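A, B, ... follow the sequence lines: proteins, then strands. Residue 1 opens every chain. Not measured: the values here are computed from a predicted model.
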Amino acid sequence: LGTINTTISSLCKRSLFDSAFKFTLLMVSKNLRPNDGLLMSLVTGLCRNKKHSEALQLYNILLDKGLTVNNAISSALVVGFCEAGMVQKAKLIVQRMLDGGVKIDAFIYNALIYGCCKQEKLEVGCKIKEEMAGKGVHPDIVTFNLLMLGFSNNGRMDEALMLWNECQRNGLVPDAYSFSIIIGGFCNIEKIKEAMYFFDMMIQQNNHLNPVVYNILIRTHCRNGKVLEAFKLLNDMRSRGVSPTSVTYSSLIHGLGKNGQVDEAENLLDEMRKEGLQPDVVCYTALIDGYCKLGQINEARSLLQEMSALNIQPNTITYTVLIFGYCKLGNIEETRRLYEEMLSKGIAPDSWTYNILTHGFLKEGKLEEVFNLWDHMSERGVALD
RNA sequence: GCGGUUACGAGUUAGAG
């Protein structure tokens, strides 16, 4: 049995979920049961790779065999379906668990609420919260956080705050997530005063301080062109012993780039390295965008080379940014070249890429090329939106 | 006992016509 576990584990680690799946089925058919942790990562892995039906199949077989399936495995399945937007199917799975007399715990309810909130079905999410309470499963802080996030993302801060109050009436204590959700919600609608009210509350409690809240505030200032304010917060976080992350830096780089301060932005890459942080693809893409917006396309292009020298893989957005840079300069040659290059690297263009390419070609009167492009696009299963 | 659920960063679309 140890060998089985090791084999499956190794297959999962190498992301060979198909093989792990087949191997597990084979084992289960011989009534050998891999351990819980492995089954969970297998279910999670299958779902992340869009193999939901395999995950479900495995789950069903375990049940049919009368093998124990703990809530962690079930919740991995429910989460997998919810993350892919298949909340209805997730609900069916849960319903079957209920029918089978299985106790649904808060993790699973929360996973369902997560799915509902992702689809902006906030009222349904709230109903599930009531339902769980009715079944004697107390909504926990995660339940409240999920719903607060749902409302915050829709600018419905009144409702988010009602939940903030409600959870405390229920004896729950807002945690670091709660704070950043509320602060982020106010930032989204530019209610900075309100955001700062909650931020000060965190500071006063001298608790829950973490890079995420700072990142939210820094990004908000950067988005509003208030880079100086953003840097003040960077100092503030450091002085309180909170280390910046690559998210912090990418926000700052983006903010500086938007202001045309690309040199300062580029210096931040070195500053990161001095702090032991590796600049990632987002930091580079933000900087490349900054150069492109200034028309300094060669600088942008050499950053792409720098990335490959450092083994930082460019992605769809990186290429789209560069292509847009060339399009704006009317450089059709390089636009084509980059498009070919991204295809040859297996980086998939998306609807934004095609949108930009279309405009670029049209601007230069390359009507036929647009038609070719559109054929290519539909072959690849991308639709303009 | 251990494990499963929640927060933050980059790309097209300002205005006029």
* Under 4.0 Å between a side-chain N or O of Arg219(A) and OP1 or OP2 of G9(B)? -> yes
* **Side-chain N or O of His254(A) closer than 4.0 Å to phosphate OP1/OP2 of G11(B)** => yes
Would you kindly say whether [X] and [Y] are connected by a side-chain donor-acceptor distance under 3.5 Å?
X         : Y         : value
Asn110(A) : Asn145(A) : no
Trp374(A) : Thr358(A) : yes
Gln95(A)  : Asp99(A)  : yes
Asn315(A) : Thr318(A) : yes

In a table with atom names and distances, give each donor-acceptor pair under 3.5 Å that connects a side chain of residues 60-77 of chain A to protein atoms at least two apart or in another chain.
residue	atom	partner	partner atom	Å
Asn60(A)	OD1	Arg96(A)	NH2	2.9
Asn60(A)	ND2	Leu56(A)	O	3.4
Asn70(A)	OD1	Ala72(A)	N	3.1
Asn70(A)	OD1	Ile73(A)	N	2.9
Asn70(A)	ND2	Asp36(A)	OD2	3.1
Asn71(A)	ND2	Lys103(A)	O	3.2
Asn71(A)	ND2	Asp105(A)	OD2	3.3
Ser74(A)	OG	Tyr59(A)	OH	3.2
Ser74(A)	OG	Asn70(A)	O	3.3
Ser75(A)	OG	Ala72(A)	O	3.3

* Asked: Gln119(A) side chain to Gly85(A) main-chain N or O, any donor-acceptor pair under 3.5 Å?
  -> yes
* Where the side chain of Asn224(A) meets the backbone of Lys226(A), is there a donor-acceptor pair that is under 3.5 Å apart? -> no
* Cys222(A) vs Lys258(A), side-chain contact (heavy atoms from CB on, under 4.5 Å): CA-CA, chis, key distance, verdict -> CA-CA 9 Å; Cys222(A) 286; Lys258(A) 264 184 43 165; over 6 Å; no
* Please answer whether G11(B) and Trp352(A) are stacked, defined here as ring centres separated by less than 5.5 Å and planes angled under 30°. => yes
* Inter- and intrachain pairs under ring pair (Phe, Tyr, Trp, His ring centres under 6.0 Å), touching residues 123-159 of chain A, at least two apart -> none
* Pairwise ring pair (Phe, Tyr, Trp, His ring centres under 6.0 Å) hits with a residue in residues 242-270 of chain A, at least two apart -> none
In whole angstrom, give the distance that lies between atom [atom1] of [X] and atom [atom2] of [N].
X         : N      : atom1 : atom2 : value
Ile347(A) : G11(B) : CD1   : P     : 18 Å
Leu268(A) : G9(B)  : CG    : P     : 18 Å
Lys129(A) : U6(B)  : NZ    : P     : 19 Å
Gln278(A) : G9(B)  : CD    : C1'   : 17 Å
Asn35(A)  : G1(B)  : CG    : C1'   : 15 Å
Leu322(A) : G11(B) : CG    : P     : 14 Å
Leu234(A) : C8(B)  : CG    : C1'   : 15 Å

* Structure fact -> Sorted by chain and number, sequence neighbours left out, ring pair (Phe, Tyr, Trp, His ring centres under 6.0 Å) with His359(A) holds for none
* Phe199(A): partners by ring pair (Phe, Tyr, Trp, His ring centres under 6.0 Å), with sequence neighbours left out -> Tyr214(A)
* To do: Using a 3.5 Å limit on both pairing distances, list the dot-bracket string of RNA chain B from the 5' end; Watson-Crick and G-U wobble pairs count, crossing pairs take [ ], interstrand pairs take |.
  => .................
Give, ordered by number, those residues of [range] having at least one heavy-atom distance below 4.0 Å to an atom of RNA chain B; if nothing qualifies, reply none.
range                       : result
residues 61-74 of chain A   : Asn70(A), Asn71(A), Ala72(A)
residues 282-310 of chain A : Val282(A), Cys283(A), Thr285(A), Ala286(A), Asp289(A), Lys293(A)
residues 159-178 of chain A : Ala176(A), Tyr177(A)
residues 139-148 of chain A : Val142(A), Asn145(A), Leu146(A)
residues 81-96 of chain A   : none

* Asked: Any Lys/Arg nitrogen of Glu229(A) or Lys232(A) sitting under 4.0 Å from an Asp/Glu carboxylate oxygen of the other?
  -> yes
* Indicate yes or no: does Asp270(A) engage Lys274(A) in a salt bridge with an N to O separation below 4.0 Å. => no
* salt bridge (charged side-chain N to carboxylate O under 4.0 Å, His left out) involving Glu190(A) - partner list, sequence neighbours excluded -> Arg223(A)
* Structure fact -> Regarding the side chain of Thr316(A), the nearest nucleotide among G11(B), U5(B), G3(B) is G11(B)
* Evaluate salt bridge (Lys or Arg N to Asp or Glu O under 4.0 Å) for Asp289(A) paired with Lys293(A), printing each intermediate quantity in order. => CA-CA 6 Å; Asp289(A) 186 45; Lys293(A) 295 251 146 76; 3.0 Å; yes
* Heavy atoms only: give me the nearest Ala90(A)-Leu112(A) pair and the separation to one decimal. => CB-CD2, 3.9 Å
